[in-house]
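To start, the structure under review is shown below, and the notes come after it.
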Amino acid sequence: MSLNIGDKLTKKSVVTEDMLACNVGSGSLRVLATPMVVALMENAACELAQRGLEDIFTTVGTEISIEHTSPTPIGAEVSATAVLEKIDGRMFYFSVYAEDKKGEIAKGTHTRVSVKSESFQKKAEEKFNG
């Protein structure tokens, strides 16, 4: 499948107990944790980038910068969207944003790089050997 600048992908999730700031260690309140917003954004970008790659490749996140501007309570549906802004060799650049039914809750940028899945995994597993 081909990938074009401007392509976008949205992932949705319902905020559950395990996604709350007080349960992931990123705060004391019962609201959607920033790390969980980031994960949803990364998931959208990862899945979108994969559309332009052969099966022996995947992407790994190398940079993310977001502004989390509005709280979301447990039980609310949240969506995260990744928009492909640029491809430069193995690098994929995205704008990302997240929303709940009241509007935008976070926005930012995310960068991923394509790697050969098998060799990258092997490198990670051998990192502390020898």
Side-chain angles (χ1 to χ4, degrees):
M1 183 177 204
S2 67
L3 196 56
N4 299 297
I5 303 306
D7 283 357
K8 65 170 77 172
L9 188 135
T10 300
K11 300 295 283 191
K12 294 183 179 190
S13 184
V14 173
V15 179
T16 58
E17 191 73 32
D18 60 325
M19 297 168 74
L20 301 178
C22 61
N23 292 326
V24 301
S26 68
S28 60
L29 299 175
R30 295 180 53 77
V31 296
L32 178 63
T34 302
M36 301 310 292
V37 174
V38 167
L40 198 57
M41 290 172 160
E42 276 202 276
N43 184 254
C46 179
E47 192 173 312
L48 181 55
Q50 194 63 41
R51 292 180 178 178
L53 297 173
E54 297 175 43
D55 288 344
I56 64 166
F57 294 97
T58 190
T59 59
V60 293
T62 60
E63 184 178 354
I64 192 158
S65 175
I66 73 154
E67 227 182 318
H68 190 178
T69 56
S70 182
T72 305
I74 193 167
E77 184 177 81
V78 64
S79 64
T81 301
V83 181
L84 182 63
E85 299 292 341
K86 177 180 164 185
I87 300 174
D88 185 6
R90 295 172 42 216
M91 304 297 290
F92 294 79
Y93 299 89
F94 300 90
S95 59
V96 289
Y97 59 92
E99 300 172 310
D100 60 23
K101 72 179 181 179
K102 292 292 189 175
E104 187 175 273
I105 63 166
K107 65 181 176 181
T109 59
H110 179 43
T111 306
R112 302 186 70 78
V113 63
S114 66
V115 297
K116 287 187 176 177
S117 301
E118 190 176 312
S119 57
F120 189 88
Q121 186 66 52
K122 184 177 179 184
K123 180 180 177 181
E125 290 170 0
E126 294 175 349
K127 186 172 184 177
F128 297 112
N129 295 344

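This one's a predicted model, so the numbers in the text were calculated from it and none came from an experiment.
Side chain of R112 to backbone of F92: no donor-acceptor contact under 3.5 angstrom is found. Judged purely by atom type and a 3.5 angstrom limit, T62 uses its side chain to pair as donor or acceptor with the backbone of T111. One N or O on the side chain of T69 and one on the backbone of I105 form a donor-acceptor pair closer than 3.5 Å.
The minimum heavy-atom distance between A80 and A44, with the atom names listed, is O-CB, 3.8 Å. Heavy-atom minimum distance, S70 versus E104: CB-O, 4.0 Å. Of all the heavy atoms in Q50 and F57, the pair that sits closest is NE2-O, 2.9 Å. The minimum heavy-atom distance between A49 and T59, with the atom names listed, is CB-CG2, 3.8 Å. A pairwise comparison of heavy atoms in C22 and R30 identifies SG-CG, 3.8 Å as the closest pair. Summarising the geometry of S26 relative to P35, their closest heavy-atom pair is OG-CD, 3.6 Å, with the distance given to 0.1 Å.
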Please evaluate residues L84 and N4 with respect to the criterion side chain to side chain contact (heavy atoms under 4.5 Å, CB included), reporting the C-alpha separation (whole Å), side-chain torsions for both, the decisive distance (0.1 Å), and the verdict. CA-CA 7 Å; L84 182 63; N4 299 297; over 6 Å; no

For L20 and V15, what are the C-alpha separation, side-chain angles and deciding distance, and is it a side chain to side chain contact (heavy atoms under 4.5 Å, CB included)? CA-CA 8 Å; L20 301 178; V15 179; 3.8 Å; yes

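In the hydrophobic clustering, V31 connects to L29, either directly or through intervening members, whenever side-chain heavy atoms lie under 4.5 Å apart. Other members of the cluster containing V60 are M91, Y93, V113, V115, F120, with ILVMFWY side chains joined at under 4.5 Å, either directly or via other members.
F94 and V83 fall into different hydrophobic clusters, where Ile, Leu, Val, Met, Phe, Trp and Tyr are joined by side-chain heavy atoms under 4.5 Å apart, directly or via other members. Residues V96 and M19 fall within the same hydrophobic cluster, defined by Ile, Leu, Val, Met, Phe, Trp and Tyr side chains chained together at heavy-atom separations under 4.5 Å.
Remark: D55 CG is loosely packed, at most 12 non-hydrogen atoms of other residues, nucleotides or ligands lying under 6.0 Å away. The number of heavy-atom neighbours closer than 6.0 Å to CD of E118, taken from other residues, nucleotides and ligands shown, is 12 or below.
A distance of 9.5 Å separates OG in S79 from CE in M41, rounded to the nearest 0.5 Å. Atom OG of S119 sits about 8.5 Å away from atom NZ of K123, to the nearest 0.5 Å. Taken to the nearest 0.5 Å, the NE2 atom of H110 stands 13.0 Å off from the CD atom of E85. Rounded to the nearest 0.5 angstrom, M36 CE and H68 NE2 are separated by 11.5 Å. Taking OG1 of T81 as the start and NZ of K11 as the end, the distance is 11.5 Å to the nearest 0.5 Å. Here the straight-line distance linking atom CD of E99 with atom CD of E77 works out to 11.0 Å at 0.5 Å rounding.
Side-chain atoms of L48 and L3, non-hydrogen and from C-beta on, do get closer than 4.5 Å to each other. Taking the side chain as every heavy atom from C-beta outward, E17 and I74 approach each other to under 4.5 Å.
Of the candidates L40, V37, V14, V78 forms a side-chain contact (heavy atoms from CB on, under 4.5 Å) with just one, namely L40.
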